[in-house]
Peer 1: 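This structure is in structure tokens; I'll ask about it shortly.
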2 protein chains.
Amino acid sequence: MRKQSSTNLENEMLINGNCDMAYTLDLIGGRWKPSILWRLAYGALRYSDLRRSLPAVSERILILQLREMEADGLISRKVYPEVPPRVEYQLTEVGRSLEPVINVLTAWGSENRPGSERKTPRCPLLTII
Amino acid sequence: MRKQSSTNLENEMLINGNCDMAYTLDLIGGRWKPSILWRLAYGALRYSDLRRSLPAVSERILILQLREMEADGLISRKVYPEVPPRVEYQLTEVGRSLEPVINVLTAWGSENRPGSERKTPRCPLLTII
DNA sequence: CGCATAACTTACATTTATGTTAGTACTTGA
DNA sequence: TCAAGTACTAACATAAATGTAAGTTATGCG
């Protein structure tokens with residue numbers, strides 16, 4: 001289940017419904033969403049590849065994050081009626097329009113994150129695949 | 001208390017310790033942090049003014065968010081040894097360097113948030129003070 | 001004295017996010 | 001027949017974020 005009514009929910013709706021910055025943060029702020037965005041930036045990936053590239057995330061959580069991003073219009077899910085099943089995820093036009101957002105967040109992190117290499121800012125976990 | 005050890009914490013450290021984008025999101029991603037950043041962008045504010053400008057946040061949560069931002073180096077806390085006490089919060093140099101980040105997040109939200117006015121993107125809750 | 005203000009803190013309670021484990025349906029290949 | 005691959009779902013469990021209500025310390029004011 002999800003939530004129905006609470007101060008917590010009311011505050012979230014108040015903020016996300018009025019603040020552009022908070023709204024954007026809400027869409028990309030999940031634990032694994034940056035990693036997913038970085039991976040899909042290079043093109044479509046099927047579920048099994050995405051999962052293999054993220055050994056630390058459990059299947060349930062990965063699916064949850066993908067579903068949320070799909071509901072928010074950032075990615076699309078394409079099912080191929082084959083056997084074995086094939087499902088490909090890719091960025092939508094809206095998802096691709098996040099590129100400058102990702103770049104600025106990454107640039108700031110590169111300048112300020114303790115231990116950042118400061119060069120070729122990226123999401124190094126990517127090297128896993 | 002805080003957390004000591006868990007898969008959750010390990011994943012958080014793994015990601016924030018390696019992904020510049022995730023690190024940045026972690027610093028500004030709290031529920032009330034965008035609102036606080038918007039307010040302090042106009043200059044220093046004392047605690048009571050900050051609180052009055054955010055009627056929906058409880059004192060405990062406001063303090064928590066301020067403490068985290070202070071620990072992360074985004075804001076500074078200046079105590080004036082007066083009676084009644086006076087404590088002023090303001091952006092640090094690092095906090096001010098978030099301006100382009102805020103602008104890009106706001107611009108994207110302005111373009112994509114349902115119901116966004118699309119003009120003069122900002123955090124309208126500001127009008128409360 | 002009693003109340004008000006400032007900037008909190010404490011103890012407690014709830015909601016939400018994240019994680020674990022096992023199981024599903026279908027088919028191909030050994 | 002038995003394991004393996006695919007893309008999940010369900011039931012359960014824990015961790016973290018957020019919220020509520022009251023209390024604290026110190027002083028000035030009427």
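Just so it is clear, the structure is predicted and the values come from calculations on it, not from any experiment. Below, chains carry the letters A, B, ... as their sequence lines are ordered, and counting in each starts from 1.
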Peer 1: Any side-chain heavy atom of A:Leu105 within less than 4.5 Å of one from B:Asp20?
Peer 2: no
Peer 1: Looking at the side chain of A:Ile63, which of D:dT9, C:dG19, C:dT9 is the nearest nucleotide?
Peer 2: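 Nucleotide nearest to A:Ile63's side chain: D:dT9.
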Peer 1: Between A:Arg31 and A:Tyr47, which has a closest nucleotide on DNA chain D that is more 5'?
Peer 2: A:Tyr47
Peer 1: Decide yes or no, distance alone: a donor-acceptor N/O pair under 3.5 angstrom between the base of C:dT18 and the side-chain of A:Arg60.
Peer 2: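 Under the 3.5 Å cut-off, the side chain and the base do form a donor-acceptor pair.
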Peer 1: In terms of side-chain heavy atoms of A:Arg46, which of C:dG19, D:dT6, D:dT18 is nearest?
Peer 2: D:dT6
Peer 1: When you measure from the side chain of A:Arg67, which nucleotide among C:dT18, D:dC8, C:dA6 comes out closest?
Peer 2: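 Of C:dT18, D:dC8, C:dA6, D:dC8 is nearest to the side chain of A:Arg67.
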Peer 1: Specify the separation, in whole Å, of atom CD of A:Gln65 and atom P of D:dC8.
Peer 2: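 Distance, rounded to whole Å: 15 Å.
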Peer 1: Among C:dC8, D:dT18, D:dG19, which is the nearest nucleotide to the side chain of B:Leu64?
Peer 2: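 So the nucleotide nearest the side chain must be D:dT18.
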Peer 1: A:Ser48 has a side chain; which of D:dT6, C:dA6, D:dT20 sits nearest to it?
Peer 2: D:dT6
Peer 1: Nearest to the side chain of A:Asn8, heavy atoms from C-beta on, is which of C:dG19, D:dA7, C:dT15?
Peer 2: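 The closest nucleotide is C:dT15.
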Peer 1: Looking at B:Ser6, does any N or O in its side chain come under 4.0 Å of the phosphate oxygens OP1/OP2 on D:dT14?
Peer 2: no
Peer 1: Please tell me if B:Arg86 has a side-chain N or O lying less than 4.0 Å from either OP1 or OP2 of D:dT27.
Peer 2: no
Peer 1: Considering only side-chain heavy atoms of A:Pro84, which listed nucleotide, D:dT9, D:dT6, C:dT20, is closest?
Peer 2: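 It is D:dT6.
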Peer 1: Taking B:Arg39 for the side chain and B:Ser35 for the main chain, is one N or O donor matched with an acceptor at less than 3.5 Å?
Peer 2: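 Side chain of B:Arg39 to backbone of B:Ser35: a pair is present.
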Peer 1: Could you state the atom-to-atom distance from CD of A:Glu59 to C1' of D:dC12 in whole Å?
Peer 2: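 Value for this atom pair: 17 Å.
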